[in-house]
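Here is the structure we will look at, set down as structure tokens.
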Amino acid sequence: MCGRFTLTADVGAVQAAFSWAAPAPEAMFAGPRYNIAPTQTVCAVVSDGSNQLVQLKWGLVPAWSKASQILPPLINARAETVAEKPSFRSAFRHRRCLILADGWFEWQVQPNGKPKQPHWVGLHSRHVFAMAGLWEKWGPPGETELRTCTIITCEASAVLAPLHARMPVILAPESYADWLRPQPGDAQALRALLRPFDAEPFDVRPVSTIVNNARIDSDECVRPLDPIAQAGGQ
DNA sequence: CCAGACGTTGTT
DNA sequence: GTCTGG
DNA sequence: CCAGACGTTGTT
DNA sequence: GTCTGG
């Protein structure tokens, strides 16, 4: 699945990589980010006909929700059901987005009830990539309006399956325009985009459990675990 | 996703 | 155990 | 037509 | 917002 991720590239590099999207005034985010957690602000591209680089809060709140709080955290949406679920179907038709990242974390269940081992997963190229997401507005328009999002997941590819059964949907650049188009579009065609990414190889590395604590946002979260110490620990 | 909190009442 | 916070 | 429901995923 | 039930 995807319950934590990274965007370690600096603001300039992100804006350069997505220069076809106009940075919104509030789009300045404090990068680099080594441990982005639910409820925090993420960097995203949305479109109302023109593409915009914006900030959204991670954890989708349906527009019809009576209160913005008191909710289970809608941080992920299954590709298999996203078109039908009441919480997502409206956003799936009208408010698809790209959520920018350069890696994410998976917690691998260990045998014998040992603590889960976190892993960082990124592209071997280290490029920033785009996860398929949905977003919503909640509350009266204006300063207080809440803008939230969720990350779509699919079955894990063969390489990642040993870590976890699910992975975030990563879109190839060729698909960005089709995914972002604000019109409802062809549900079948959109659904076809939501599959395990295999266009580029992944780099997977075990990392320190320091990443478990969402308050810690340091490069130690992505530093490769010392192989010797790791072997000694087994 | 994981970490951490969660202590009660009555009285001022 | 369950809920909230990050 | 209106009323009322619907909130998610992943884990064990 | 959208779907189902009456």
Side-chain angles (χ1 to χ4, degrees), chain A residues 1-7 29-30 33-43 55-96 99 101 103-122 131-141 145-156 160-169 182-184 187 194 196 204 206-218 220-222:
Chain A
M1 75 159 320
C2 188
R4 286 309 165 81
F5 65 97
T6 63
L7 186 57
F29 61 96
R33 298 291 311 281
Y34 297 96
N35 195 0
I36 301 171
T39 72
Q40 295 180 351
T41 293
V42 307
C43 192
Q55 296 200 126
L56 301 172
K57 190 179 174 191
W58 187 13
L60 185 142
V61 178
W64 45 265
S65 193
K66 283 176 183 137
S68 67
Q69 303 277 315
I70 66 158
L71 309 160
L74 309 185
I75 63 170
N76 293 131
R78 295 176 65 91
E80 296 88 336
T81 56
V82 70
E84 291 86 34
K85 289 283 183 184
S87 290
F88 299 134
R89 55 193 176 199
S90 176
F92 180 75
R93 291 184 195 178
H94 306 294
R95 284 172 304 282
R96 298 173 298 273
I99 296 171
W104 77 95
F105 296 98
E106 296 288 4
W107 277 263
Q108 185 180 33
V109 175
Q110 301 294 103
N112 309 322
K114 281 190 282 188
K116 291 180 187 176
Q117 173 62 54
H119 296 261
W120 179 84
V121 185
M131 300 185 285
L134 305 176
W135 70 284
E136 275 289 0
K137 299 178 186 179
W138 187 91
E145 184 182 63
L146 194 59
R147 292 174 164 228
T148 61
C149 64
T150 194
I151 297 169
I152 300 177
T153 65
C154 60
E155 61 176 349
L160 299 180
L163 291 186
H164 199 88
R166 309 287 299 176
M167 69 185 283
V169 171
Q183 288 78 27
L194 306 179
V204 182
V207 294
S208 163
T209 52
I210 198 173
V211 71
N212 291 10
N213 189 334
R215 295 170 198 250
I216 295 176
D217 186 3
S218 98
E220 199 176 337
C221 293
V222 300

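Every chain is numbered from 1 and lettered A, B, ... according to where its sequence line falls, protein lines coming before strand lines. On a predicted model such as this, the values are computed, not experimentally measured, just so you know.
A:Phe105 comes within 4.0 angstrom of no nucleic acid atom, judged by non-hydrogen atoms across all strands. Within the 4.0 angstrom heavy-atom criterion, only backbone atoms of the sugar-phosphate kind lie near A:Thr153; the bases stay farther away. Nucleic acid contact class of A:Pro118 (heavy atoms, under 4.0 Å, all strands): none. Contacts of A:Val109 with the nucleic acid, taken as non-hydrogen atoms under 4.0 Å apart, involve only primed sugar atoms and P, OP1 or OP2. Contact annotation for A:Ala165: no contact, since no heavy-atom pair falls under 4.0 Å across all strands. In this structure, A:Ile75 reaches the bases: a heavy-atom distance under 4.0 Å links it to at least one base atom across the strands shown. Residue contacts shown for A:Trp107 are limited to sugar-phosphate atoms, with no base heavy atom under 4.0 Å away. Looking at heavy-atom distances under 4.0 Å, A:Arg4 makes contact with a base.
OP1 and OP2 of B:dC2 both lie 4.0 Å or more from every side-chain N or O belonging to A:Asn213. For D:dT9, neither phosphate oxygen OP1 nor OP2 lies less than 4.0 angstrom from any side-chain nitrogen or oxygen of A:Thr150. A close approach under 4.0 Å does occur between a side-chain nitrogen or oxygen of A:Arg78 and OP1 or OP2 of D:dG10. Not one side-chain nitrogen or oxygen of A:Lys85 sits closer than 4.0 Å to the OP1 or OP2 atom of D:dC6.
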Pair assignment for DNA chain D - dot-bracket with | for other-strand partners, Watson-Crick or G-U under 3.5 Å: ||||||......
Distances under 3.5 Å between protein N/O atoms and the N/O atoms of nucleotides 2-6 of chain E, please, pair by pair.
residue, atom, partner, partner atom, Å
E:dT2, OP1, A:His94, NE2, 3.4
E:dT2, O2, A:Arg89, NH2, 3.1
E:dC3, OP1, A:Arg93, NH2, 2.8
E:dC3, O4', A:Arg89, NH2, 3.3

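C:dC3 and B:dT9 have their C1' atoms separated by 23 Å, given to the nearest Å. Atom name C1', nucleotides D:dG10 and B:dC1: the rounded distance is 10 Å, in whole Å. Nucleotides D:dG4 and B:dG7, compared at atom P, are 36 Å apart to the nearest Å.
The side-chain hydrogen bond (donor to acceptor under 3.5 Å, both in side chains) analysis of residues 81-91 of chain A, with sequence neighbours excluded, yields the pairs A:Ser90-A:Arg95.
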